Amino acid sequence: MAEAGSNRREFLRWLAASGAGVALSGLLPGTATAAASEPDADEIVVITRVTLIDGTGAAPRRDVSVVLVGDRIAWVGTSGQVPDTGVARVIDGRGKYLIPGLWDMHTHGADLEEIVPPLHLVHGVTGGREMWGYAENRATRDRIERGELLGPRLVVGSGIVDGPVTLLGPPVIQVSTEAEARAAVRAEKAAGAEFVKIYSYLGAEALRGVADEVRHQGLRFSGHWPYKVSHFDASDLGQHSFEHFFGVSIHCSSRRDEILARLAATPFDPAAPRDFFNLARRLEFESVSTYSPTAAWSYFARLRRNGTWHSPTLTINRIVTQPAETHQRDPRLKYVPADLRESWAVGIERFAPKTSSEIALQERYYQDTLRLVGVAHEAGVGIIGGTDCLNPYTFPGSGLHEELAFLVEAGLSPVQALKTVTGDAAKFLGRDHTSGTVTAGKEADLVLLEANPAADIRNVAKIDLVITRGRVLDKATRQRMLDAVETAANRPPATATNARIRSLARRGCCC
């Protein structure tokens, strides 16, 4: 490698001269504020001679080196350009593969602090979109940001906004009118919500109030398909993402208008609120037999024009379309508190098919969902990968590895699937200037893999180390974290979790 001396200052001056000073203004010598102090407290880490999959969707690049200073990526380039690294911590990347830290774009329960945040990080998930905001998980987000708790970066939504009839219990926010919806948006923004989450039974008038108020407040809204409004109308109003692929098979059916009219004419029953959900699901299962390519392409074209994304959450969709006993011996259950495991066993019974005909019907629906995800991607609709973790048998961290495999099964290439939880996730969140790709100036959230995920997406689980905010979590550290999670999960139930998390798992917040 080129000679540039081995002391820290000279190495940092090389970084500044190489152009990193533009990306890291104020951090490196030679920039405007560096004369006052040198960043002695910021560790320099150099990952050398690695194959880089950078999160942009580009093909893997061989023999790349990446320089980190503190919690930022300082430089990315050909390994031969890097000077002596005697001042740095050097990580040999030969035979290994570097990817951006992963984002789980539909997650829950970060305030279960001894369980969920470490499980995310251990499995390379360095960011998450929390889809049900409340005071406790916003407090967890703030503790992570202050450095008091090791955990992923969190983007936390509002409390779930639903209609006067709902499947959920507290802290769901129930609104009936446009005025109530507007007030809810304002209150949730004041409480720290970064976007608004809507739910299935929200009425058309209230939805219009949410859509207009979020624009005034500088927010976006995402969530479930509100059953009384078509995907077309919700997308036209600005819905940023539809979760779980609910309603897609209906909107791609030759019977779309007939089915939507039936749903619009069927009232929500306060005495039996799940009846409507069950009706909608049955119509979804049946609609796969009337798939229309013309309807599908017109539907996806409308979403693409509007900038509406899909978060298919194939992980939870796979679980709830299989018999209940399918996942009850998963070895990862040792990392789940006993009362949550019990809640999962109860909750899955609400959704899982039981008879042979139900199993066949739901299997066909799931396979059609996979096909339609591929069609959506081919049509240019944005796809973001998420798991819906903490719903039954949907595990924090490792569940995202399953999601990536399902996306590949749906027709995305491994590199495209990775992009849904790296570069595209950051773009969706409006964080692409700081996150999502391995680029100088961005956050030092990275995963070093022992095998090539572009050849087999399952290799994303073969983790050598995780870097979060510049902190290196090697194998020994990650094992200690897993051991601590297992210990916490096996404490007496009263101290392991809380009533809200148990309720989430029993009802299913999103199913």
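What you see is a predicted model; the values in this text were computed from it and never measured.
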Worksheet item: Any luck finding a side-chain donor-acceptor pair between Glu486 and Asn490 under 3.5 Å?
Response: no
Item to complete: State whether a side-chain donor-acceptor pair under 3.5 Å links Arg256 with Ser253.
Response: no
Discussion item. If only side-chain N and O atoms count, and only distance matters, is there a donor-acceptor pair under 3.5 Å linking Thr313 with His244?
Written reply: yes
Discussion item. Please report whether the ring centroid of Trp225 lies less than 6.0 Å from that of Phe246.
Written reply: no
Item to complete: Would you tell me whether Gln322 and His327 have side-chain atoms, one donor and one acceptor, within less than 3.5 Å of each other?
Response: yes
Discussion item. On a heavy-atom basis, which atom in Val373 and which in Leu407 lie closest, and how many Å separate them?
Written reply: CG1-CD2, 4.1 Å
Worksheet item: Under 3.5 Å, is there a donor-acceptor pair linking the side chains of Tyr134 and Asp111?
Response: yes
Worksheet item: Regarding Arg302 and the six-membered ring of Tyr299, is the cationic atom NZ or CZ under 6.0 Å from the ring centre and inside 45° of its axis?
Response: no
Fill in: Of all pairs that satisfy side-chain hydrogen bond (donor to acceptor under 3.5 Å, both in side chains), the ones with a partner from residues 420-429, not counting sequence neighbours
Lys419-Asp424
Fill in: Six-ring centre of Tyr291, Arg371 cation under 6.0 angstrom, axis tolerance 45°
yes
Practice prompt. Before accepting this row, confirm whether a basic side-chain N of the pair Lys475/Glu450 lies closer than 4.0 Å to the acidic partner's carboxylate O.
Written response: yes
Worksheet entry | Nearest atoms (heavy-atom pairs only) where Pro117 meets Leu112 | CD-O, 3.4 Å
Discussion item. Going by side-chain hydrogen bond (donor to acceptor under 3.5 Å, both in side chains), name the residues that satisfy it together with Ser413, two or more places apart in sequence or in a different chain.
Written reply: Gln416
Worksheet item: Would a distance-only check, ignoring hydrogens and angles, find a side-chain to backbone donor-acceptor pair under 3.5 Å from Ser298 to Ala295?
Response: yes
Discussion item. Please give me the minimum heavy-atom distance between His251 and His231, naming the atom from each residue.
Written reply: NE2-N, 2.9 Å
Discussion item. Can a side-chain donor-acceptor contact be found between Thr387 and Asp104 if the only test is distance below 3.5 angstrom?
Written reply: yes
Practice prompt. For Arg304, look at atom CZ and say whether over 12 heavy atoms of other residues, nucleotides or ligands are found less than 6.0 Å away.
Written response: yes
Worksheet item: Any luck finding a side-chain donor-acceptor pair between Thr477 and Asp474 under 3.5 Å?
Response: yes
Fill in: Between Thr107 and Glu130: side-chain donor-acceptor atoms closer than 3.5 Å
no
Fill in: Exercise: identify the closest heavy-atom pair between Thr437 and Pro100
CA-CG, 4.0 Å
Worksheet item: Mind checking whether His224 and Tyr201 have ring centres under 6.0 Å apart?
Response: no
Discussion item. Are more than 12 heavy atoms, taken from residues, nucleotides or ligands other than Arg262, located less than 6.0 Å from that residue's CZ atom?
Written reply: no
Worksheet item: Is the side chain of Asp330 donor-acceptor paired with the backbone N or O of Tyr393 at a distance under 3.5 Å, no angle test?
Response: no
Fill in: Closest approach of Arg478 to Leu473 (non-hydrogen atoms, all atoms of both residues)
CD-O, 3.3 Å
Item to complete: Establish, from distance only, whether the side-chain atoms of Trp132 and Ser158 form a donor-acceptor pair under 3.5 Å.
Response: no
Fill in: Sidechain N-carboxylate O distance under 4.0 Å for Glu363, Arg318
yes
Discussion item. Is a donor from one side chain sitting under 3.5 angstrom from an acceptor on the other, for Glu358 and Ser356?
Written reply: no
Worksheet item: Regarding Thr308 and Ser235, is there a side-chain donor-to-acceptor distance under 3.5 Å anywhere?
Response: yes
Fill in: Pairwise side-chain contact, Ile198 with Ser222, heavy-atom cut-off 4.5 Å (strictly under)
no
Worksheet item: If only atom types and distance count, is the side chain of Asn278 paired as donor or acceptor with the main-chain N or O of Asp275 below 3.5 Å?
Response: no
